[in-house]
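Bear in mind that the values here come from a model prediction, so they are computed numbers and not experimental data. In listed order, ligands and their atoms are each counted from 1.
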Amino acid sequence: MFEDDPVDDLPAATLCHLVDRGDDPGGDGGAAGDETLLIRKKRGVGSGQWVGPGGKVEPGETVEECVVREVREEVGIDVLDPERAGVFVYRSDGWDAVVHVFRATEYAGTPEETAEADPRWFPVDDLPFAEMWQTDREWLPHVLDGGTFRGRFVYSDGEPREVRMETGVTPSL
Ligand SMILES: COc1nc(N)nc2c1ncn2[C@H]1C[C@H](O)[C@@H](COP(=O)(O)OP(=O)(O)OP(=O)(O)O)O1
């Protein structure tokens, strides 16, 4: 899967997909059913799109530390039980990275808008894919359903040109 990629040398980043299972996900009086928290990114890679909160791993930081820090910085909540759900290599004509995907179900606090992100809960069966990374369609439903994956996505001019993915695997490089 990653034979052609210098995975040890690529920058690392994280994404968090928080799933709220309950009668009133997000505590916002919305419809019952599973929901997931997405952000409208205000800056950085993928700005303007809906995406899971996350960001770049800082020097000396583990990916687990990064995902907790980034979610706190972007939407002001503490994720309590992040678990690895996937990993993908992203290659493009700009930035390249290894992105570590986490799933979580427990959190403390209430998501709030920040300078980086505008958060909103979406039903897991009604995600805004038209305004998301195109390859999220391939793996996000699987992750929200408790699955794991590894992938390699090559983009050019903002479009996916090569998409490779395997599911039900250990989500490591
Ligand atoms: C197909 O590629 C991607 N798909 C998805 N869903 N998300 C991606 C893809 N490539 C990158 N990302 C995510 C991974 C990270 O969460 C962000 C990139 O980090 P960001 O630019 O947000 O980094 P920060 O440290 O928050 O921001 P600053 O650099 O401004 O400090 O994109």
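The hydrophobic cluster containing V87 does not contain V68, counting ILVMFWY residues as joined when their side-chain heavy atoms lie under 4.5 angstrom apart, directly or transitively. Criterion: ILVMFWY side-chain heavy atoms under 4.5 Å apart, direct or through other members. Under it, W50 and Y155 are part of a common hydrophobic cluster. Linking ILVMFWY residues whenever their side-chain heavy atoms come closer than 4.5 Å, directly or via other members, leaves Y90 and L173 in distinct clusters.
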For ligand 1, run through the N/O pairs with the protein that fall under 3.5 Å and put one pair on each line.
from, atom 1, to, atom 2, distance (Å)
ligand 1, 6 (N), D136, OD1, 2.8
ligand 1, 6 (N), D136, OD2, 3.3
ligand 1, 7 (N), W133, NE1, 3.4
ligand 1, 16 (O), T14, O, 2.7
ligand 1, 16 (O), G55, N, 3.1
ligand 1, 21 (O), V45, N, 3.1
ligand 1, 21 (O), K56, NZ, 3.0
ligand 1, 22 (O), K41, NZ, 2.4
ligand 1, 23 (O), K56, N, 3.4
ligand 1, 23 (O), K56, NZ, 3.3
ligand 1, 25 (O), K56, N, 3.1
ligand 1, 25 (O), E70, OE2, 3.3
ligand 1, 26 (O), E70, OE1, 3.4
ligand 1, 29 (O), K56, NZ, 2.6

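Within the 3.5 Å criterion, the main-chain N or O of T148 finds a donor-acceptor partner in the side chain of H142.
Ion pairing between a basic and an acidic side chain is recognised when a charged N comes within 4.0 Å of a carboxylate O; E35 and R21 show no such pairing.
Applying the side-chain contact (heavy atoms from CB on, under 4.5 Å) criterion to E113, with sequence neighbours excluded, gives K42, D118, P119.
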